[in-house]
Amino acid sequence: MRIDVLTVLPGLFDCFLKEGVIGKAISSGKVEVKVHNIRDFTTDKHRVVDDVPYGGGPGMVLKPEPIFRAYDELTKEGEKPYVLLTEPWGEKFNQEMAVELSKKPRLMIICGRYEGVDERVKSLVDREVSIGDYVLTGGELPAMVIMDAVLRLIPGVLGNLESLRADSFSDRGLLGYPNYTRPAEFRGMKVPEVLLSGHHKKIESWRKEQSLRKTLERRPEIIENLKRKGLLTKEELE
Ligand SMILES: O=C(OCc1ccccc1)c1cn[nH]c1
């Protein structure tokens, strides 16, 4: 997969693209991520990327020209990218969208900022995406959140280091079960006996029960959704 990011603050991506699983996926060539400074696509001496809003009002708006110039330049060759715009008012990002996006051969992420982008930029955009109902200073962190969730789904990126919790819980959106590792007792807190039993059937059913209980407690709407979709077996329902 190739991802092109358009931003006025490219430096924000430096650590993200170097460290950890994402850094390895890029250095190994499994995925290609290029960050472009929108300012590099301006033509005036002051490299202006924003301007005051028509009709008045507070703040600034990202100008269309530099973004269109960048888009034209970056889409001259290769496949047309699936274009995302990160804004607070977009479609809510979730695991389902991450899975869908991970199947695209090429993505472009335009990072919103200031009061937003000129509306005409939306003619380039396939999906306006929000990572939550709050307002940040820029769409760069949302772009990193989206890239992180998408890239880890690409075959070979996670390797065997981190299992892709492909069990039936996480891909039904159920909350995870409790995790423990050594020592078996720590500051008086013991690991549940069942997990030390080596009895895989018992361990699996304990984990399923824990996952369902936690989901019912914290996110009952997820259980309701699964019920409606008939994605809960009758023993899971009891
Ligand atoms: O704040 C966000 O993006 C930055 C942004 C972009 C455009 C105008 C204002 C702010 C955001 C929140 N969830 N998803 C994105």
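Please read all numbers here as calculations on a predicted model, not as lab measurements. Every number for a ligand or one of its atoms is a count from 1 in the order of the listing.
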Do NZ/NE/NH1/NH2 and the carboxylate oxygens of Glu209 and Arg213 come within less than 4.0 Å?
yes

N/O of Gly116 under 3.5 Å from N/O of ligand 1, yes or no?
no

Atom CG of Leu212 and atom CZ of Arg207: how far apart are they, to the nearest 0.5 Å?
14.5 Å

Please check if the number of heavy atoms outside Glu185 that lie under 6.0 Å from its CD is greater than 12.
yes

Atoms of ligand 1 less than 4.0 Å from Thr86 heavy atoms?
6 (C)

Taking C-beta and beyond as the side chain, do Val49 and Phe41 meet within less than 4.5 Å on heavy atoms?
no

Run the numbers for me: atoms of ligand 1, each under 4.0 Å from some heavy atom of Gly139, listed by number.
3 (O), 4 (C)

Side-chain contact test, heavy atoms from C-beta onward, threshold under 4.5 Å: evaluate it for Leu175 versus Arg219 and give yes or no.
yes

Output yes when Lys34 and Glu32 qualify as a salt bridge under the 4.0 Å nitrogen-oxygen rule, no when they do not.
yes

Is the closest basic N to carboxylate O distance between Glu87 and Lys122 below 4.0 Å?
yes

Proximal ligand 1 atoms for Arg113, defined as those under 4.0 Å from one of its heavy atoms:
6 (C), 7 (C)

Side chain, backbone, both or neither: which part of Trp89 has a heavy atom under 4.0 Å from ligand 1?
side chain

Look at atom 1 (O) of ligand 1 and find which of Leu85, Leu136, Val117 reaches it with the closest heavy atom.
Leu136

Which is it for Pro142 and ligand 1 at heavy atoms under 4.0 Å: side chain, backbone, both or neither?
side chain

For atom 14 (N) of ligand 1, the protein heavy atom that lies nearest, with its residue and separation:
Ile131 N, 3.0 Å

side-chain contact (heavy atoms from CB on, under 4.5 Å) test vs Pro81 passes for just one of Thr75, Ile109, Leu124, Leu107, namely Thr75

How far is atom 5 (C) of ligand 1 from the closest protein heavy atom, and which atom is that?
Pro88 CD, 3.7 Å

Residue and atom name of the nearest protein heavy atom (relative to atom 6 (C) of ligand 1), distance in Å to one decimal
Gly112 C, 3.5 Å

Numbered atoms of ligand 1 (with element) below 4.0 Å of Val135, judged on heavy atoms:
1 (O)

Ser130: numbered ligand 1 atoms lying under 4.0 Å from its heavy atoms
13 (N), 14 (N)

What residue and heavy atom of the protein are closest to atom 12 (C) of ligand 1, and at what distance?
Tyr134 O, 3.1 Å

If you count the atoms of ligand 1 from 1 in the order shown, which ones are under 4.0 Å from a heavy atom of Glu115?
8 (C)

Within 6.0 angstrom of Glu235 CD, more than 12 heavy atoms from elsewhere:
yes

Considering the heavy atoms of Tyr114, write down every atom of ligand 1 situated less than 4.0 Å from one of them.
8 (C), 9 (C)

Angle between ring planes, Tyr180 versus Trp206, binned at 30° and 60°: parallel, tilted or perpendicular?
tilted

When you measure from the side chain of Glu204 to the backbone N and O of Lys201, does any donor-acceptor pair fall under 3.5 Å?
no

Starting from atom 4 (C) of ligand 1, find the nearest protein heavy-atom neighbour and note its residue, name and distance.
Gly138 C, 3.2 Å

Under 4.0 Å to a heavy atom of Gly132 - the qualifying atoms of ligand 1, by number
12 (C), 13 (N)

